[in-house]
Each structure stands twice: as C-alpha cells, then as structure tokens.
**Student:** 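Below: one structure in structure tokens.
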Amino acid sequence: MQTAADVYPVLCLAGPTASGKTSLALALATELPVEVINADSRQVYADFPLISAQPTPEERAVCPHHLYGILSSDTQISAGEWRDMALAKIIEVLSRGHVPLLCGGTGMYFQTLLHGIAPIPPTDRDVRARIEDRVGREGLAALHNELCSKDPEYAAKIHPHDRQRIVRALEVLEQTGRTLSDWHKEGTASPVSGPLFVIQASLDWLMPRIEARIECMMKEGALDEMKRAFARAPDPSLPGFSSIGCAELLACARGTLTFEDALTLWIKNTRAYAKRQNTWFRGRKEARFFSPSEGKRFISEACSAWENIHSFNP
RNA sequence: GCCGAGGUAGCUCAGUAGGUAGAGCGGGGGCCUGAAAAGCCCUGUGUCAGCAGUUCAAUUCUGUUCCUCGGCA
C-alpha cells in the first residue's frame with residue numbers, strides 16, 4: 001500500500017520527433033520552476049548532441065536539464081535502467097521544490113515510468129550472445145519452437161519472426177529460471193504519477209520540419225560529429241550509434257552513399273520513425289493530446305495540473 | 001536519318017511457351033513489459049504506351065504510331 005508521501009508527481013511532455021517538445025518545455029519553464037528530465041533513449045549519448053537533437057547549451061541554460069549526453073557510446077541503457085535514473089532525478093528535483101518535466105519521444109520510457117515495469121533482474125550479455133549464436137546455427141524457427149514449449153503464453157503473443165523478443169524471452173528464462181509471461185504478471189505499480197501531454201502532429205505537418213532540421217544538422221556538422229564519435233569508438237554496432245542518421249552518415253563518410261542520398265535516406269527513416277511514434281502515442285488512453293498550434297493550451301493545462309497535484313502534495 | 005534496347009503499381013524492375021500480372025522500395029494501417037530512434041505484423045486492379053490485325057481469347061504474336069535510352073551518322 002502506497003502512502004501519499006511515496007507518490008512522486010511529474011509532468012510529462014511527449015510527441016514525435018521534431019514536433020517542438022524542447023521549445024514548449026522551455027516555454028513552460030517561464031511559468032513554473034521546471035527542471036527538464038530527458039525521456040529520450042538516444043539523447044542520453046554524449047557523442048551525438050547534434051544528431052540526436054539534444055537541447056543546445058543555450059537551451060539548457062534556460063533551466064536545469066538532466067540525463068542528456070550522460071553516456072558514452074559503448075554503454076547500453078535499458079528502459080528499466082533509464083527509469084531508475086529518471087526516478088532518482090525526479091526525487092532530487094522535487095526535493096528542491098521544483099517541477100520535474102519529463103520530456104522526450106520514447107514511448108516505452110514514459111510507459112515504464114508511469115506504469116512500472118516487471119522487476120526482472122538485469123541479464124548477462126553473454127547469455128544473449130549465446131542465444132543469438134544459436135539463432136544463427138539452428139534457425140529462428142527452432143528457437144521459436146523452443147519458446148512455444150517453454151513459455152507458450154508469451155510465444156502466443158509474439159510473431160514467429162520477432163527475433164528480438166524470442167531471444168529476450170529465452171534469455172530471461174535461462175537466467176532467472178522463470179518465464180517472461182510469469183515475470184510480466186508481477187505487479188508493476190509505479191510511484192510516479194502525473195499527466196502525459198502529447199503533441200499530436202501529422203506527418204504532413206512534421207515533414208517540412210524534419211527536412212529543415214536534418215539539413216540544419218548537416219550544415220552544423222553532423223558528419224563531423226559522427227566521424228569524431230567513430231574515431232573515439234570505431235564500432236557502429238555500439239549502442240550509441242543507433243540514432244537515426246548515424247548509419248546514413250557513416251555510409252556517406254565511407255563513400256557507399258552520396259551526401260545527397262544519405263540525406264534523403266536519413267529523412268525517410270526519420271519520417272518512418274515519427275510515424276511509429278504517432279502510432280504509439282495515439283494508443284495511450286491516459287494521454288492529453290494537443291496540436292502543435294495549441295502550445296498556450298498546453299502551458300495553461302500543465303500549470304493547472306501541477307497546481308492540482310500540489311494541493312494533494314503540499 | 002539509320003541500327004539496337006526498352007516503354008508493366010508512386011519508383012526500380014520481374015513475368016506470362018496467348019487464358020487480363022508480381023517482387024523490392026515507397027505509401028497506408030497496426031503491435032509493443034528492460035536493444036524501443038530498436039524489433040515485428042498486415043496491406044498491391046494496374047486502360048501491362050496508343051491504335052489496328054490474327055485468335056474463342058492478346059499485356060504476351062504481327063503491323064503501325066508515339067515516347068525514352070544507347071550506338072552510328
């Protein structure tokens with residue numbers, strides 16, 4: 001049973017890439033003593049401030065920002081690890097009497113923060129590598145069959161081609177001795193609560209902004225940023241390199257893509273990503289949607305939401 | 001102007017030994033419990049360039065017109 005003191009209030013601002021989250025967050029900072037906490041799985045990497053569209057130093061100077069550019073490219077982060085870091089930051093911000101504003105585009109991160117995540121212990125990288133190796137030798141179908149007999153409940157939920165989830169399920173089973181579906185039945189209550197504001201922007205509206213942003217990134221040295229990161233850690237399979245744009249820029253640097261083709265591909269992939277984000281957020285029943293032109297409404301609703309929360313948590 | 005190769009889904013192309021056609025990409029829709037900017041699923045009727053001919057039947061054969069791309073002039 002949770003007491004009121006165990007509930008940590010937050011404000012959440014989500015939306016697809018290039019929908020204007022950063023500027024809205026800063027606008028809110030003029031009304032409330034906001035501290036922004038990053039809820040974006042790519043903006044945690046220090047080597048890619050430009051490519052992952054982290055707030056600029058000028059933007060960060062407006063109010064405190066947390067969890068941006070904190071990891072090296074070879075460091076893996078998981079949704080659960082992010083949640084633990086974010087929770088620590090939230091508590092810290094609240095202790096200063098400030099407003100934690102979670103801001104980002106990673107739907108799953110908001111999900112884990114607001115609704116919790118199964119308490120599965122971290123898994124060993126070697127275990128996954130071994131299972132991946134088996135996929136290569138025995139074929140995915142064999143491992144899917146294995147999952148069907150060992151954890152039929154979870155196997156029924158995923159597609160036989162879903163390699164990532166098949167491997168994950170077998171890995172958890174091997175390491176914890178419990179099935180994933182079993183783990184998922186554990187209570188996942190979260191001590192964090194607050195409104196989830198979502199910018200709802202159509203792809204038609206987003207596209208010109210995405211194009212402009214990427215062209216701007218190119219001008220501001222995205223290619224150099226990638227080259228520098230690569231010089232520091234010359235392995236594009238490292239976790240930090242999975243931002244959209246990295247593979248495209250790397251191909252350009254290696255000469256397998258022209259500058260123009262890399263740009264086109266980067267834009268295309270970003271569009272597909274924005275589409276997926278929209279699909280994710282659209283399905284959140286607790287979300288409070290607003291259009292990009294309703295920034296003022298967001299500000300006032302966020303302010304009154306915070307006031308309400310505060311009357312319960314003085 | 002001549003010779004050759006082509007004109008099939010938004011794009012790149014496959015194909016039909018004559019029975020009105022299919023992949024990839026793109027687009028659209030969706031899923032999502034620790035890699036999530038990841039991963040995965042569903043979704044393709046288009047005068048098969050135009051016209052005429054042969055045929056029960058032509059996108060497929062023949063003729064012709066137009067267009068594109070090479071080569072020769």
Side-chain angles (χ1 to χ4, degrees), chain A residues 14-19 38-45 48 51-54 71 73-86 104-125 127-129 131-132 135 140 144 151 153-154 156-169 171-172 175-176 179-190 202-204 207 210 213-214 217 237-249 261 264-284:
Chain A
T17 188
S19 59
N38 172 34
D40 187 295
S41 73
R42 299 300 95 194
Q43 294 181 350
V44 295
Y45 288 105
F48 302 97
I51 296 170
S52 69
Q54 295 173 32
L71 298 181
S73 295
D74 59 355
T75 309
Q76 179 85 53
I77 184 169
S78 71
E81 286 160 349
W82 173 84
R83 191 199 88 119
D84 293 345
M85 291 195 291
T106 303
M108 192 187 189
Y109 282 10
F110 286 104
Q111 179 73 16
T112 62
L113 190 70
L114 297 171
H115 303 290
I117 188 167
I120 305 169
T123 49
D124 192 339
R125 256 173 125 41
V127 176
R128 176 176 299 180
I131 295 170
E132 284 286 358
V135 174
L140 189 58
H144 181 254
D151 186 359
E153 192 179 335
Y154 187 66
K157 279 195 203 161
I158 62 174
H159 194 275
H161 292 172
D162 198 338
R163 172 185 181 131
Q164 205 168 273
R165 290 191 174 82
I166 292 169
V167 171
R168 164 78 180 154
E171 152 195 324
V172 168
Q175 266 211 291
T176 68
T179 63
L180 204 48
S181 51
D182 189 27
W183 277 112
H184 288 171
K185 282 180 194 126
E186 296 233 345
T188 61
S190 169
S202 71
L203 290 177
D204 286 345
M207 274 320 282
I210 288 173
R213 171 194 263 187
I214 289 177
M217 285 177 180
S237 70
L238 290 175
F241 285 85
S242 61
S243 292
I244 294 169
C246 286
E248 296 85 341
L249 289 168
D261 287 347
T264 306
L265 229 205
W266 187 359
I267 291 169
K268 186 197 93 179
N269 290 334
T270 303
R271 184 187 199 280
Y273 169 52
K275 182 174 142 72
R276 261 178 285 136
Q277 284 177 303
N278 272 343
T279 303
W280 174 283
F281 291 124
R282 204 180 290 143
R284 305 296 106 190

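Numbered from 1 within each chain, the chains take letters A, B, ... in sequence-line order.
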**Student:** Hey, does the side chain of A/K275 come within less than 4.0 Å of B/G29's phosphate (OP1/OP2), counting only N and O?
**Tutor:** yes
**Student:** Classify the nucleic acid contact of A/R83 as base, sugar-phosphate or nothing, counting any heavy atom under 4.0 Å across all strands shown.
**Tutor:** nothing
**Student:** Any base atoms under 4.0 Å from A/P119, or only sugar-phosphate, or nothing? Heavy atoms, all strands.
**Tutor:** base
**Student:** Under 3.5 Å, is there an N or O donor on one side and an acceptor on the other linking the side chain of A/R165 and the base of B/A35?
**Tutor:** no
**Student:** Checking all strands, does A/S52 fall into the base, sugar-phosphate, or nothing category for heavy-atom contacts under 4.0 angstrom?
**Tutor:** base
**Student:** Could you give the CG-to-P distance, from A/N269 to B/A36, as a whole number of Å?
**Tutor:** 17 Å
**Student:** In whole angstroms, how far is the P atom of B/A35 from the CG atom of A/L238?
**Tutor:** 16 Å
**Student:** Check the angle between the aromatic planes of A/W82 and A/Y109 and answer parallel, tilted or perpendicular using the 30° and 60° thresholds.
**Tutor:** parallel
**Student:** Could you check which of B/A37, B/G26, B/G28 has an atom nearest any side-chain atom of A/L203?
**Tutor:** B/G28
**Student:** Just call it for A/R284: base, sugar-phosphate, or nothing, with non-hydrogen atoms closer than 4.0 Å on any strand.
**Tutor:** nothing
**Student:** Could you say whether the aromatic ring of A/H159 and the base of B/C40 stack, counting only centre distances under 5.5 Å and plane angles under 30°?
**Tutor:** no
**Student:** Counting only Watson-Crick or G-U wobble pairs whose two distances fall under 3.5 Å, which nucleotide matches B/C56?
**Tutor:** B/G19
**Student:** So what does A/I77 hit on the nucleic acid, given a heavy-atom distance under 4.0 Å: a base, only sugar-phosphate, or nothing?
**Tutor:** sugar-phosphate
**Student:** Once you round it to whole Å, what is the distance between C1' of B/C11 and CG of A/L265?
**Tutor:** 14 Å
**Student:** With a 4.0 Å cut-off on heavy atoms, is A/W280 in touch with a base, just the backbone sugar-phosphate, or nothing at all?
**Tutor:** base
**Student:** A/G245 near the nucleic acid: base, sugar-phosphate alone, or nothing, with a heavy-atom cut-off under 4.0 Å?
**Tutor:** nothing
**Student:** Just to confirm, is there a sub-4.0 Å distance from OP1 or OP2 of B/A35 to any side-chain nitrogen or oxygen of A/R163?
**Tutor:** no
**Student:** Heavy atoms under 4.0 Å, any strand shown: does A/R271 hit a base, just sugar-phosphate, or nothing?
**Tutor:** sugar-phosphate
**Student:** If you go through the side-chain atoms of A/Q164, does one of them form a donor-acceptor pair with the base of B/A38 closer than 3.5 Å?
**Tutor:** yes
**Student:** Pull out every residue in residues 106-116 of chain A that has a heavy atom closer than 4.0 Å to any atom of RNA chain B, ordered by number, or say none.
**Tutor:** A/T106, A/M108, A/Y109
**Student:** Remember a base hit wins even if backbone is also touched, and classify A/Q277 as base, sugar-phosphate or nothing at under 4.0 Å, heavy atoms.
**Tutor:** nothing
**Student:** Do the side-chain N or O atoms of A/R42 get closer than 4.0 angstrom to the phosphate oxygens (OP1, OP2) of B/A36?
**Tutor:** yes
**Student:** I want to check one thing: is the phosphate of B/G34, taken as OP1 and OP2, less than 4.0 Å away from some side-chain N or O of A/R168?
**Tutor:** yes
**Student:** Looking across every strand, which nucleic acid part, if any, lies under 4.0 Å from A/E132 by heavy atom: base, sugar-phosphate, or nothing?
**Tutor:** base
**Student:** Regarding A/D40, tell me which of base, sugar-phosphate or nothing describes its non-hydrogen contacts under 4.0 Å with the strands shown.
**Tutor:** base
